[in-house]
Amino acid sequence: MTTELLEALRKISGPTNVLCDGDLSAWELDWRKRARGKALAVVRPANTQEVAAVVKACAAAGVSLVAQGGNTGLVGGSTPDASGTQVVLSLQRMNAVRQLDAANLSMTVEAGCILQALQQHAENEGFLFPLSLGAEGSCTIGGNLATNAGGTQVVRYGNTRELCLGLEVVTAQGEIWQGLSGLRKDNTGYDLRDLFIGSEGTLGIITAATMKLYPMPAAQLTAWAAVPSMAHAVTLLGLAHQHLGAGLTGFEVMGQFALSLVAKHFPQLRVPFLEAPAAPPGRPEQGTAPSVGSVGTPFCVLLENSDHESEAHAREQLERLLEAAFEQGCVSDAVVAESLTQAHQLWHVRESITLAQAEEGLNIKHDISIAVSRIPEFVQVTDALLEQAIPGVRLVNFGHLGDGNLHYNVQAPADGDAKAFLREREEEVNTIVYDSVARFDGSISAEHGVGSLKLDKLEHHKSPVALGMMRAIKQALDPHKLMNPGRVLRM
Ligand code: FAD
Ligand code: MLT
Ligand code: ZN
């Protein structure tokens with residue numbers, strides 16, 4: 001049966017696009033190096049018809065599929081399980097921009113397009129495609145849609161769902177659903193597009209999408225501010241909304257410990273307003289100040305003002321905002337980037353936190369969301385709970401404060417073994433954090449999704465009614481459980 005399937009796949013996509021031997025770790029090992037699977041084969045179809053034929057062949061053989069774009073997902077959802085029986089369907093070769101409709105402010109693109117290439121394509125045509133995240137050099141638009149990715153511009157433009165006008169999908173039966181309308185309004189029944197967005201490859205394969213474009217702003221100005229506490233960061237956010245209105249296109253918060261990891265692992269980067277640590281990050285000594293990254297430690301904020309008038313106007317607005325913020329005592333120091341290069345440098349520091357954390361060692365990630373107004377109290381309470389449970393625990397707290405979305409990540413104590421920490425404490429840490437999130441009426445995943453890492457937690461935190469409806473949808477669209485089984489939902 002397996003030989004027959006492989007032969008059929010070779011016929012569909014050509015022998016060089018069906019990989020079974022050699023080093024397949026690029027497809028089998030996840031970005032965080034936490035999930036190593038074994039694929040029966042990696043298939044790289046060239047177009048939608050080939051995707052449909054691959055799905056049909058796998059369905060006939062009863063073989064399940066894992067869709068994969070750039071393999072930058074952070075929740076163990078994009079790699080095969082360890083059974084050696086799953087086919088990885090890589091969208092890498094489907095990377096054409098099919099159409100850019102200037103009057104409709106939209107572009108239709110294939111699922112394997114790299115996000116950065118799409119930003120560049122839009123810019124070359126005089127438009128802005130605002131989706132932006134640290135993995136943009138390797139993640140694909142199909143993966144962004146499948147995870148409903150957020151990133152750093154959500155405060156103004158929304159997450160990937162809000163940027164999508166239509167989809168083309170290959171169903172679990174191998175049929176092609178043509179939903180690539182560029183329509184902004186369509187109330188003809190259930191919204192199928194929204195079912196597939198955020199479904200993490202468990203309902204069908206996204207092969208193409210029509211995405212929104214925006215006029216390119218005349219100026220995008222970036223400021224970096226030191227704030228005395230998370231509560232002050234929230235006050236600054238309120239001021240930024242008041243002063244900048246729709247011009248506020250980014251509002252990121254970064255804890256000092258998160259920034260100290262960037263400085264440690266990428267010493268070539270200049271990190272503004274980084275405090276010299278009172279003690280090496282990690283276990284606080286008896287009677288000394290708490291280590292950086294713990295309760296009360298100041299934060300930095302990166303904020304962006306986009307303006308359709310002029311750079312001078314954008315700068316004036318930003319300076320007025322910072323003046324007001326100084327007056328109210330919610331900013332203790334600030335710089336405004338003088339050039340695009342400087343702005344890129346500041347964003348680069350922010351985007352390097354994930355990589356710096358990975359360099360520091362295996363860690364526990366959370367991408368939670370809470371109402372912005374309740375975030376300071378959540379952080380204070382949860383920091384204290386974690387520090388009490390695990391003395392010396394290191395909290396890497398940063399994220400998209402403008403959207404109420406924190407990466408409330410947890411690193412082993414400085415002198416601890418990261419692997420052992422994960423093995424022995426991950427469950428306890430997750431329970432502390434997610435129970436706290438529940439007490440604050442938040443969500444256990446704001447942007448990375450569920451994958452395999454949060455399966456149990458989803459079951460625990462979603463209501464039986466919600467889980468029942470989700471299972472009914474899965475059962476209706478993928479009755480034979482061929483689409484990324486064991487991810488998102490246990491059936
Ligand atoms: P993959 O990792 O290949 O796949 C992710 C999931 O989508 C899997 O379940 C997979 O089966 C499914 N999938 C992929 N393609 C398809 C398809 N065509 N059809 C159906 N299902 C598919 N996420 C954020 O939301 N915000 C951030 O700011 C952010 N920053 C990141 C920074 C770094 C450095 C890294 C490594 C990751 C970051 N991520 C972030 C996480 C990640 O979700 C995104 O990088 C991206 O959306 C994943 O795209 P991908 O092409 O790599 O998808
Ligand atoms: C980011 O915003 O940089 C990623 O989503 C965060 C992470 O690495 O947890
Ligand atoms: Zn993020």
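We count ligands from 1, going down the list as the structure has it; atoms in each ligand are counted the same way.
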Looking at Leu74, which atoms of ligand 1 are within less than 4.0 Å of one of its heavy atoms? 36 (C), 37 (C), 38 (C), 39 (N), 41 (C)
Any N/O/S atom of His407 sitting less than 2.8 Å from the Zn ion (ligand 3), backbone or side chain? yes
Please determine whether a side-chain nitrogen of the Lys or Arg among Glu459 and Arg471 lies less than 4.0 Å from a carboxylate oxygen of the Asp or Glu. yes
Tell me, yes or no, whether the heavy-atom count around Arg98 atom CZ, taken from other residues, nucleotides or ligands under 6.0 Å, exceeds 12. yes
Give the C-alpha distance, both sets of side-chain angles, the deciding distance and a yes or no for ring pair (Phe, Tyr, Trp, His ring centres under 6.0 Å) between His448 and His366. CA-CA 9 Å; His448 299 159; His366 301 115; over 10 Å; no
Is there a side-chain contact between Gln99 and Thr210 in this structure, where contact means two heavy atoms from C-beta onward sitting under 4.5 Å apart? no
Looking only at protein heavy atoms, identify the closest one to atom 2 (O) of ligand 1 and say how far it is in Å. Gly73 N, 2.7 Å
Should Glu426 and Lys365 count as an ion pair when the cut-off is N to O under 4.0 Å? no
Would you kindly say whether Gln119 and Glu136 are connected by a side-chain donor-acceptor distance under 3.5 Å? yes
Do the side chains of Arg156 and Glu304 get close enough for a salt bridge, i.e. N-O under 4.0 angstrom? no
Is ligand 2 under 4.0 Å from a heavy atom in the side chain of His366, in the backbone, in both, or in neither? neither
Would you check whether His400 reaches within less than 4.0 Å of ligand 2, judged by its heavy atoms? yes
Under 4.0 Å from a heavy atom of Gly204: which atoms of ligand 1 are those, numbered in the order shown and with their elements? 20 (C)
Report, in ascending order of atom number, the atoms of ligand 1 lying under 4.0 Å from any heavy atom of Gly150. 24 (C), 25 (O), 26 (N)
Within a strict 4.5 Å, meaning less than it, do heavy atoms of the Leu237 and Leu248 side chains meet? yes
Heavy-atom contacts with Asn144 under 4.0 Å: which atoms of ligand 1 show up? List them by number with element. 46 (C), 47 (O), 49 (O)
Shortest protein heavy-atom distance from atom 11 (O) of ligand 1, along with the residue and atom involved: Ala67 O, 2.6 Å
Would you call Glu200 and Arg487 a salt bridge, using N to O less than 4.0 angstrom? no
Going by an N to O cut-off under 4.0 Å, is there a salt bridge joining Glu28 and Arg36? no
I'd like to check whether Gly77 has a polar contact with ligand 1, where a contact means an N/O of the residue lying under 3.5 Å from an N/O of the ligand. yes
Do any nitrogen or oxygen atoms of Glu351 lie less than 3.5 angstrom from nitrogen or oxygen atoms of ligand 2? no
Please report which non-hydrogen protein atom sits nearest to atom 1 (C) of ligand 2, along with the residue it belongs to and the distance in Å to one decimal place. Arg350 NH2, 3.4 Å
Atom 12 (C) of ligand 1: nearest protein contact (heavy atom, Å): Ala146 CB, 3.6 Å
Where is the nearest protein heavy atom to atom 27 (C) of ligand 1: which residue, which atom, and how far? Glu447 OE2, 3.4 Å
Within the structure, does Asn71 bring an N/O atom to less than 3.5 angstrom of an N/O atom in ligand 1? yes
Sidechain N-carboxylate O distance under 4.0 Å for Asp191, Arg193: yes
Looking only at protein heavy atoms, identify the closest one to atom 52 (O) of ligand 1 and say how far it is in Å. Thr72 OG1, 2.7 Å
Have a look at ligand 1 and work out which part of Thr147, if any, has a heavy atom under 4.0 Å from it: side chain, backbone, both or neither. side chain
Which of the numbered atoms in ligand 1 are below 4.0 angstrom from a heavy atom of Thr140? 50 (P), 51 (O)
At less than 4.0 angstrom from any non-hydrogen atom of His448, what atoms of ligand 2 do you find? 4 (C), 5 (O), 6 (C), 7 (C), 9 (O)
Contact between ligand 1 and Ala446 is defined here as a heavy atom of the residue under 4.0 Å from a ligand atom; is it met? no
Which heavy atom of the protein is the closest neighbour of atom 53 (O) of ligand 1, given with residue, atom name and distance? Gly143 CA, 3.5 Å
Shortest protein contact, atom 4 (O) of ligand 1 (heavy atom only): Ser78 CB, 3.4 Å
Glu447 heavy atoms within 4.0 Å reach ligand 2 at atoms 2 (O), 5 (O)
I need the atoms of ligand 1 closer than 4.0 Å to a non-hydrogen atom of Asn484, numbered in the order shown. 9 (O), 11 (O)
Any nitrogen or oxygen of Cys139, side chain or backbone, less than 3.5 Å from one on ligand 1? no
Among side-chain atoms of His400 and Glu447, is any donor-acceptor pair under 3.5 angstrom? yes
Lys454 bridged to Asp367 by N-O distance under 4.0 Å: yes
Val170, Val66, Leu65 screened by side chain to side chain contact (heavy atoms under 4.5 Å, CB included) with Leu89, the one that passes: Leu65
Taking the Zn ion (ligand 3) as the reference point, name the nearest N/O/S atom of Glu447. OE2
Distance-only side-chain donor-acceptor flag, Glu50 / Ser13, under 3.5 Å: yes
Identify the residue among Phe398, Phe378, Phe440, Tyr434 that makes a ring pair (Phe, Tyr, Trp, His ring centres under 6.0 Å) with Tyr408. Phe378
For ligand 1, which atoms, with element, lie under 4.0 Å from some heavy atom of Leu91? 18 (N)
Side chains of His348 and Ser352, heavy atoms from C-beta outward: is any pair under 4.5 Å? yes
Ion pair present between Lys264 and Glu360, side-chain N to carboxylate O less than 4.0 angstrom? yes
Specify the protein heavy atom at minimum distance from atom 50 (P) of ligand 1: its residue, its atom name, and the distance to 0.1 Å. Gly70 N, 3.4 Å
If we only count N/O pairs under 3.5 Å, is Glu200 in contact with ligand 1? yes
How about Met230 and Phe299: do any of their side-chain heavy atoms sit closer than 4.5 Å? yes
Measuring from atom 6 (C) of ligand 2, which candidate in Arg32, Met254, Lys365, His407 has the nearest non-hydrogen atom? His407
Are His400 and ligand 1 in contact, using a heavy-atom cut-off of under 4.0 Å? yes
Ligand 1 to His448, heavy atom cutoff 4.0 Å, flagged ligand atoms 23 (N), 24 (C), 40 (C)
Side chain, backbone, both or neither: which part of Asn409 comes within less than 4.0 Å of ligand 2 when only heavy atoms are counted? side chain
Arg487 to ligand 1, any heavy atom closer than 4.0 Å: no
